[in-house]
Amino acid sequence: MPEGRFLVSRHDDRPGVFGNFGTILGQHDVHIASIAVVAMAPRGNAMMILAVDDPVSPEVLAPYATWRACADLRYVELGGASIS
């Protein structure tokens with residue numbers, strides 16, 4: 001059974017997407033433990049799973065709500081923790 005904290009996104013596959021995720025999480029002192037990315041087609045749609053070491057508050061996620069490149073973003077805690 002997987003455990004941990006994860007951010008799961010559907011987003012545009014284009015330059016700068018990873019950098020924006022890292023910048024915003026870094027500004028809030030959220031450490032990225034690992035990243036898995038699947039691009040459906042070059043510069044098309046992609047899906048990313050970020051494993052993070054720290055809890056991610058709704059305030060941290062707020063900037064992504066208005067970011068057109070990000071179609072969907074979910075924060076999930078697995079392994080006995082609550083799911084947000």
Side-chain angles (χ1 to χ4, degrees):
M1 173 74 108
E3 292 187 7
R5 298 176 176 101
F6 303 92
L7 288 169
V8 181
S9 74
R10 288 185 307 120
H11 58 274
D12 296 342
D13 179 27
R14 67 179 198 208
V17 172
F18 297 147
N20 284 334
F21 272 97
T23 297
I24 292 170
L25 293 174
Q27 288 170 344
H28 293 276
D29 199 32
V30 175
H31 181 258
I32 298 171
S34 66
I35 302 172
V37 180
V38 176
M40 306 308 166
R43 297 193 185 250
N45 295 316
M47 182 174 187
M48 177 169 57
I49 300 173
L50 294 163
V52 295
D53 291 333
D54 307 292
V56 179
S57 69
E59 293 78 24
V60 173
L61 298 178
Y64 299 111
T66 59
W67 189 28
R68 290 188 311 197
C70 189
D72 193 17
L73 178 64
R74 305 292 171 111
Y75 174 61
V76 181
E77 292 185 357
L78 299 176
S82 65
I83 297 176
S84 304

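Residues take their numbers from the sequence shown, with the count starting at 1.
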Non-hydrogen atoms of [X] and [Y] that approach each other most closely:
X: I24; Y: P63; result: CD1-CB, 3.9 Å
X: P55; Y: V30; result: O-CG2, 4.1 Å
X: I32; Y: G22; result: CD1-CA, 4.2 Å
X: E3; Y: G79; result: CG-CA, 3.8 Å
X: Y64; Y: N20; result: OH-O, 3.8 Å

Task: Plane angle bin for H11 and F18 - parallel if under 30°, tilted between 30 and 60°, otherwise perpendicular - done: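 Taking H11 first and then F18, their aromatic rings stand perpendicular (interplane angle over 60°).
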
Task: Between CD on residue E77 and CZ on residue R5, distance to nearest 0.5 Å - done: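 Going from CD on E77 over to CZ on R5, the span is 5.0 Å.
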
Open item on the list: Can you tell me how far apart CD1 (I49) and CD1 (I35) are? Round to the nearest 0.5 Å.
Closed with: 11.5 Å

Beyond-backbone contact of [X] with [Y], side-chain heavy atoms, under 4.5 angstrom:
X: L61; Y: L7; result: yes
X: P58; Y: Y75; result: no
X: V8; Y: M47; result: yes
X: F21; Y: S9; result: yes

Task: Passing option when W67 is tested against V17, L73, D12 for side-chain contact (heavy atoms from CB on, under 4.5 Å) - done: V17

Open item on the list: Other residues, nucleotides and ligands only: do more than 12 of their heavy atoms fall within 6.0 Å of CG on D72?
Closed with: yes

Open item on the list: Has D54 got a side-chain atom pairing as donor or acceptor with H31's backbone, closer than 3.5 angstrom?
Closed with: yes

